[in-house]
Amino acid sequence: MLKLTNTLTGTQEAFTPSDGEHVRMYTCGPTVYDYAHIGNFRTYVFEDVLRRHLLSKGWKLTHVMNITDIDDKIIRRSVELGVDIHTYTAPFTKAFFEDSTTLKIQRPDIITPATDYIPEMVELVEKLLAAGYAYREGDSIYFRISRFPNYGRLSRLDKRELKIGARIDADEYEKEEPRDFVLWKAPKDDQEPRWDAPFGTGRPGWHLECSAMAMKNLGATLDIHCGAVDNIFPHHDNEIAQSEAVTGKPFVRFWVHGEFLLVEGEKMSKSKGNFYTLRDLIERGHDPLAIRLELMRVPYRKQLNFTMEGLRGSQSSLDRVKDFLFRLKSATLEAGSDPGIASGTASARNQFEAALDDDLNTAQGLGAMFELIREANIALSENRLREDNRREIFDFFQTIEQRLAIVPPLESVVQGDQEIDALVARRNEARRNRDFAMSDQIRKELVDRGILIEDTKEGTRWRRK
RNA sequence: GGCGCCGUACCCAAGCGGUAAGGGAGAGGUCUGCAAAACCUUUAUGCAUCGGUUCGAAUCCGAUCGGCGCCUCCA
């Protein structure tokens, strides 16, 4: 049974889709004004693991993710460059999906760019105006928080006191109350993009898009809505207010928020010089799979301190998995099954499932995998492992791959290559003649070509790095 | 100041009342012509500190110290 921590209640709750079979999930996507950074991807990787786990339960899943392709930053930069916003955002949207693919993040079922949903947003604002939840001030439209008594439930706003001297009002528009938030912004100048609406020309405020696009595609009540913790307030509280004011129904059953990624113990920021995009890391030669593993090593509810040392550690862990799978694949085994290994494999599988069910405890799931690797390695050295055991272990790793997508591919590693085979044969010839100088020289040649050699009792095997 | 998360070995980390998973790094060893890989041993009578509850606590309660985040666009 899957348990998830629900921000709404602050506790772990058993999750099932409201109708028992179809999960309706919305995840906050990127604002495409620049390349996404690894902090962003920590969240997307967690959501990907959730997505994969939900699918494994046999539920039907409709997963919607937005692309915020209109906001202040986008407008400012596109104006600076003298291009329209779509011309500006298109390459970053494309880059985002390329990066996601690099990290083996599955594509959501429905992608909703904000600018494709203007009519839905306009409709929402009209309803809010009609019901008295929204008002016009100047040429902009605001949400009237005083009309929505439950406001701030998600962030437990009622328990908070405002910091003395804290800036309450983030923008310069007039409002009835400082805490009211903007639904529809009147253009400030000629350059700003705008859309016509019955209540005036303008553009949508940020919070509006998620409500409109989520409800349009998933209905009034979502099963799951994800994002990172920084979205809890005000973004998600505002979404709740807008949506529930219109529908009168609970907007979301499970709010699931990913904690922040820190870099070297501090929040990532460009000024601190600890800011990495995925592309930065790839350029430095890091393996995307190691990055993915590093991003899920710590369960989503806990802050993850990203360090280069940690990333190297993940790479080493990954190499261990790769070495093991390679060893298992190339071993010569007898038919049959060793009962000890069989039960070890079954128990690793159970532990893995239980770990993911337990609020996506990836650290524990990974632990179960490594325990099995050690057990199987010992069995391999003691010649106890049998053909059926191997099949079951490979089956398990297939499951791990479906769920976590961190299993290194073997195909590219062990594929036949006549030229390499010939070099290996020549080296073994030299070894037989005890011409170790020659043997080592050939090995060096192979290493230079990215080939690792392992001499075992069953002969020499090689693989690509 | 308020709200929230957290403090487990050199580093990362699981642990959810029954006696400290796992990964990385280091050291020593087995195997090997040498490597590589693998395996073995080794690194927490102790889980920030101090009290309390309990037959029993890293796990529950209280206090203290420390770190991080949010309260403002932000994954």
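Keep in mind that this is a model prediction, so the values were computed, not measured. Letters A, B, ... are given to chains in the order of the sequence lines, protein chains preceding strands, and every chain is numbered from 1.
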Check if the side chain of [X] and the base of [N] share a donor-acceptor pair of N or O atoms closer than 3.5 Å.
X	N	value
A:D440	B:G33	yes
A:S316	B:G23	no
A:R443	B:C34	yes

Donor-acceptor pair between A:T277 and A:H37 side chains, under 3.5 angstrom: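 Not at all, the side chains of A:T277 and A:H37 share no donor-acceptor pair under 3.5 Å.
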Could you check which nucleotide pairs with [N] in any of the strands shown, counting Watson-Crick or G-U wobble with both distances under 3.5 Å?
N	value
B:U8	B:G15
B:C3	B:G69
B:A27	B:U41
B:A35	none

Indicate whether A:F370 forms a stack on B:G22; treat it as stacked only if centroid distance is below 5.5 angstrom and interplanar angle below 30 degrees. no
Over all strands shown, is A:Q303 touching base, sugar-phosphate only, or nothing at heavy-atom distances under 4.0 angstrom?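 Result for A:Q303 = base.
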Mind checking A:R76 for me? I need base, sugar-phosphate or nothing, with any heavy atom below 4.0 Å counting as a touch. nothing
Which protein N or O atoms sit under 3.5 Å from an N or O of nucleotides 36-38 of chain B?
from	atom 1	to	atom 2	distance (Å)
B:A38	O3'	A:N377	ND2	3.2
B:A38	O2'	A:R327	NH1	2.9

Taking only Lys NZ, Arg NE, NH1 and NH2, and the carboxylate oxygens of Asp or Glu, determine whether A:E401 and A:R52 approach each other closer than 4.0 Å. no
Can you tell me how far P of B:A75 sits from CD of A:E239, to the nearest Å?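 It is 13 Å, rounded to the nearest whole Å.
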Is the charged tip of A:R320 near the ring of A:F370: under 6.0 Å from the six-membered ring centre and within 45° of its axis? no
Report the residues that fulfil side-chain contact (heavy atoms from CB on, under 4.5 Å) with A:R403, sequence neighbours left out, ordered by chain and then residue number.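 A:H53, A:S56, A:F352, A:E353, A:L356, A:T399.
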A:E309 or A:Y44, whichever maps to the more 5' nucleotide of RNA chain B: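 Looking at the nearest nucleotide for each, A:E309 comes out on the 5' side.
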